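Quick notes on the structure that follows.
Side-chain atoms are counted along with the backbone in the values below, which use heavy atoms only and exclude waters and symmetry mates. Computed from a predicted model, the values in this text were never measured in an experiment.
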Amino acid sequence: MAENNTIITIGRQFGSAGREIGKKLASWLDVKLYDKEMLDRAAKESGICQELFETHDEKPTNSFLYSLVMDTYSLGYASSSYTDMPINHKVFLAQFDAIKKIADEGPCILVGRCADYALEHYPNHVSVFIHADINARIRRIARIYELTDAKAKDMILKADKKRASYYNYYTNKRWGDAAGYDLCLCSSKLGIDGTAEAIRQYVELKESTKDSKI
């Protein structure tokens, strides 16, 4: 796998165990996993204050006033190439650049943050979207965060709405639309190990048939 230089991006519904699946897959394939590490890399390379990346992490920002205030806050941190645009666009583009640089370094797995969009023209890229039954997600989030089922469901719906709004705003695709991904899997049916194994097998099959495509 690593010799084939495959980059895997994982989009995921909140509570579907997307990060855990990516972590398992990264361990099997002996490659790096990038989740919030993408934010660290983007902040370091762009010179933009890291707190801004965390504030905007997969969250839509439609308030002009908010962007204006945060733009003032970032002065002195932003590199000159990003200075003439709203702060939410600066953050996205810096992250976009960091994702491409990470992918150029070799095989890896990137979770969320529109990484599939940033790498859509990379021939060695496989994009995956992981979803799960809502009840399974409620049980998982309720257990992890020690919440009631009702509060867990509310947390899930809000998180998914933010991720979808962010993705749909910055890309030319629809978050979770099967047509926009190479592979969509239901983790509540396959489990963490089963979903990771399905991705691994898909990548192997793709590599073995890359010279006989229609």
Please determine whether side-chain contact (heavy atoms from CB on, under 4.5 Å) holds for the pair Asn88 and Tyr170, giving the CA-CA distance in whole Å, both sets of side-chain angles, and the decisive distance to 0.1 Å. CA-CA 10 Å; Asn88 54 323; Tyr170 283 111; 3.4 Å; yes
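Between Ala98 and Met38, the shortest heavy-atom distance links the atoms CB-O, 4.4 Å. Of all heavy-atom pairs between Ser187 and Ser16, the closest is OG-O, 2.7 Å. Nearest approach of Cys186 to Thr195, heavy atoms of both residues: O-OG1, 4.3 Å.
Side-chain atoms of Asp57 and Arg113, non-hydrogen and from C-beta on, do get closer than 4.5 Å to each other. Taking 4.5 Å as the limit, some side-chain heavy atom of Trp28 sits within range of a side-chain heavy atom of Glu197. Lys100 places a side-chain heavy atom less than 4.5 Å from the side chain of Tyr122. Glu105 is not listed as a side-chain neighbour of Lys32, based on a closest heavy-atom distance of 4.5 Å or more. Put simply, the side chain of Tyr166 does not reach to within 4.5 Å of the side chain of Lys162, judged on heavy atoms. Inter-residue side-chain proximity for Thr6 and Pro107 is flagged as unmet; no heavy-atom pair is nearer than 4.5 Å. A heavy-atom distance below 4.5 Å is found between the side chains of Cys108 and Ile7. Contact of the Met155 side chain with the Leu147 side chain is registered, since non-hydrogen atoms from C-beta on lie closer than 4.5 Å.
With Ser188 contributing its side chain and Asp133 its backbone, the two residues share a donor-acceptor pair below 3.5 Å. Remark: the backbone N or O of Gln13 is not paired with any side-chain donor or acceptor of Asp160 at under 3.5 angstrom. Under the 3.5 Å distance criterion, the side-chain polar atoms of Asn124 are matched with a main-chain donor or acceptor of Asn5. For Glu37 (side chain) and Asp35 (main-chain N/O), a donor-acceptor pair under 3.5 Å exists by modelled atom type. Under the 3.5 Å distance criterion, the side-chain polar atoms of Ser165 are matched with a main-chain donor or acceptor of Lys161. In this structure, the side chain of Asn168 engages the main chain of Trp175 through a donor-acceptor pair within 3.5 Å. Judged by distance alone, with hydrogens and angles left aside, the side-chain atoms of Arg137 form a donor-acceptor pair with the main-chain N or O of Phe14 at under 3.5 Å.
Using cut-offs of 30° and 60° on the angle between ring planes, the pair His89 and Tyr169 is perpendicular. Between Phe129 and His131, the ring-plane angle classifies as parallel under the 30° and 60° cut-offs.
A salt bridge links Arg12 with Glu58; the closest basic N to acidic carboxylate O contact falls under 4.0 Å. One finds a salt bridge joining Glu204 and Arg200 here, because a Lys/Arg side-chain nitrogen approaches an Asp/Glu carboxylate oxygen to under 4.0 Å.
Atom CZ of Phe96 and atom NZ of Lys101 lie 13.0 Å apart (nearest 0.5 Å). The line from CG of Leu25 to CG of Asp193 is 11.0 Å long, rounded to the nearest 0.5 Å. Rounding to the nearest 0.5 angstrom, the gap separating the CG atom in Asp97 from the CD atom in Glu45 is 8.5 Å. The NZ atom of Lys59 sits 12.5 Å away from the NZ atom of Lys158 when rounded to the nearest 0.5 Å. The distance from the CD1 atom of Ile156 to the CD1 atom of Ile134 is 4.5 Å, given to the nearest 0.5 Å. One distance of note links OG of Ser46 with CD of Gln95; it measures 10.0 Å at 0.5 Å rounding.
If you chain together hydrophobic residues whose side chains sit under 4.5 Å apart, Ile109 and Leu183 fall into the same group. Under the 4.5 Å side-chain heavy-atom criterion for Ile, Leu, Val, Met, Phe, Trp and Tyr, Ile138 and Ile144 are members of the same hydrophobic cluster. Cluster annotation: Leu190 and Val126 are assigned to the same hydrophobic cluster (Ile/Leu/Val/Met/Phe/Trp/Tyr, side-chain heavy-atom contacts under 4.5 Å, transitive). Hydrophobic clustering (side-chain heavy atoms under 4.5 Å, transitive across Ile, Leu, Val, Met, Phe, Trp, Tyr) keeps Ile130 apart from Leu157. Under the 4.5 Å side-chain heavy-atom criterion for Ile, Leu, Val, Met, Phe, Trp and Tyr, Ile192 and Ile141 are members of distinct hydrophobic clusters.
For the pair Lys173 and Tyr181, the cation-pi criterion (under 6.0 Å, within 45° of the ring axis) is fulfilled.
In this structure, Gln201 places its CD atom where more than 12 heavy-atom neighbours from other residues, nucleotides or ligands lie under 6.0 Å away.
Of the candidates Leu33, Ile8, Ile10, Thr9, Thr9 is the only one forming a side-chain contact (heavy atoms from CB on, under 4.5 Å) with Leu110.
Using a 3.5 Å distance cut-off with no hydrogens or angles, the side chains of Asp116 and Tyr167 do pair a donor with an acceptor. If you check the side chains of Asp40 and Tyr34, you find no donor sitting under 3.5 Å from an acceptor.
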